[in-house]
Amino acid sequence: MSSSDGSEQSRARFAPSPSGPLHFGSLLAAVGSFADARAAGGIWLVRIEDLDRTRELPGAADDILRTLDQFGLHWDETVLYQSQRTEAYAAALTALRAQGLTFPCACSRRQIAACGNPGPEGPVYPGTCRDGIPQGRQARSERLRIDDTQIEIEDRIQGPITQDLAAEVGDFVLRRADGLHAYQLAVVVDDAAQRINSIVRGADLLFSTPRQVYLHRLLGLAHPCYAHLPLVIDHTGRKLSKSLAAAPVDPSNPLPALRRAWRLLGQSPMPEAPGSVAEFWQWAAMHWYIERVPRGRIAL
Ligand code: GLU
């Protein structure tokens, strides 16, 4: 679909994992992504990333959707659930395997860590199984072969990002030892299926982005453009995330949290207090400037 000026219509998404209720850090990502989409007259979608059902809190997906709705974050098309997408992930993995780009791996996390090859976000795979599984060992996972791959991205907020995939990540997992497809593969397959061309999300995913760009490339897909919002830290300097059990937002009183998120994203405050969530969004869609979003961390 094209917008009235002939350019491609922006399609963005918010992709929460239903491991708990929506907390302020996730709301901030949803607000940034929604404002950016609406300011561009674009489409905004929601995808529930419930690939790993063992990490799901029963009822959390519905709770998140209800909360988004109460915050006026209305999505435009049917919600996609990753738990229903296994066949699409399997097909992508088969396509990569057919190109000779994957290999079975027998290593456990502990064995990889013991090889002493630390990377910026965890150990870099030492290549143990890339030329075949050592005798007497069993395949556990399947990895993507990475050979000297330098990835460059222009992030709309963070600026130019360069990652040497081989040196900083290494051959990474596409199918995990528990049989589930890896987040990196699922997110790429789903972004392509939902025709997402603009991603605005938290900077905790910045390090994953070059892997996703590379997978898009290998699957013959154009990758979306990216904007990574600053991470929210709490008053002790720790990242605000679900795992730290940050307080859920209060859907019965959305306006204070919306205005707070808006301010933390560096946007100019509304001249008058909005009377309703709808009024807030009507104004916000006309006053969003991504260039005002701060790059670094933001403290609550
Ligand atoms: N499901 C991921 C999360 O909640 C987000 C994935 C993404 O935006 O690409 O952290």
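This is a predicted model, so every value here is computed, not measured. Both counts, for ligands and for their atoms, begin at 1 and track the order of listing. The figures here come from the full heavy-atom set of this structure, side chains too, leaving out hydrogens, waters and symmetry mates.
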Any idea which atoms of ligand 1 are less than 4.0 Å away from a heavy-atom of [X]?
| X | value |
| --- | --- |
| Val187 | 9 (O) |
| Ala15 | 1 (N), 2 (C), 3 (C), 4 (O), 5 (C), 6 (C) |
| Arg13 | 7 (C), 8 (O), 9 (O) |
| Ser17 | 1 (N), 2 (C), 3 (C), 4 (O) |

Can the positive tip of Arg260 be found less than 6.0 Å from the middle of the six-membered ring of Phe24, inside 45° of the ring normal?
->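 Cation-pi check for Arg260 and Phe24: passes.
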If you draw the axis of the six-membered ring of Tyr81, does the NZ or CZ of Arg47 fall within 45° of it and under 6.0 Å from the ring centre?
->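 No.
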Is Gln212 in polar range of ligand 1, meaning some N or O pair under 3.5 Å apart?
-> no
Pro16 N/O under 3.5 Å from ligand 1 N/O |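 No, there is no polar N/O contact under 3.5 Å.
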If you measure from each heavy atom of Tyr183 to ligand 1, is any distance below 4.0 Å?
-> yes
Part of Leu205 with heavy atoms under 4.0 Å of ligand 1, whether side chain, backbone, both or neither |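 Just the side chain.
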Donor-acceptor contact below 3.5 Å, side chain Arg13 vs main chain Asp191 =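 Pair absent, no side-chain N/O of Arg13 close to backbone of Asp191.
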Give a yes or no answer on whether the side chain of Tyr289 reaches the backbone of Val293 with a donor-acceptor pair at less than 3.5 Å.
->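 No; zero donor-acceptor contacts below 3.5 Å.
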Can you name the one residue among Pro248, Pro251, Ser26 that meets side-chain contact (heavy atoms from CB on, under 4.5 Å) with Pro21?
->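 When Pro248, Pro251, Ser26 are each tested with Pro21, the side-chain contact (heavy atoms from CB on, under 4.5 Å) holds only for Pro248.
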Between Trp262 and Trp281, how do the two ring planes meet: parallel, tilted or perpendicular, split at 30° and 60°?
->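 Geometry flag for Trp281 against Trp262: perpendicular rings.
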Thinking salt bridges, do Arg55 and Asp50 make one under a 4.0 Å N-O criterion?
->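 A salt bridge is absent here (no side-chain N lies under 4.0 Å from a carboxylate O).
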Considering Gln82, Glu49, Arg201, Arg47, which one's heavy-atom position lies nearest to atom 9 (O) of ligand 1?
->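 Going through Gln82, Glu49, Arg201, Arg47 one by one, Arg201 has the nearest heavy atom to atom 9 (O) of ligand 1.
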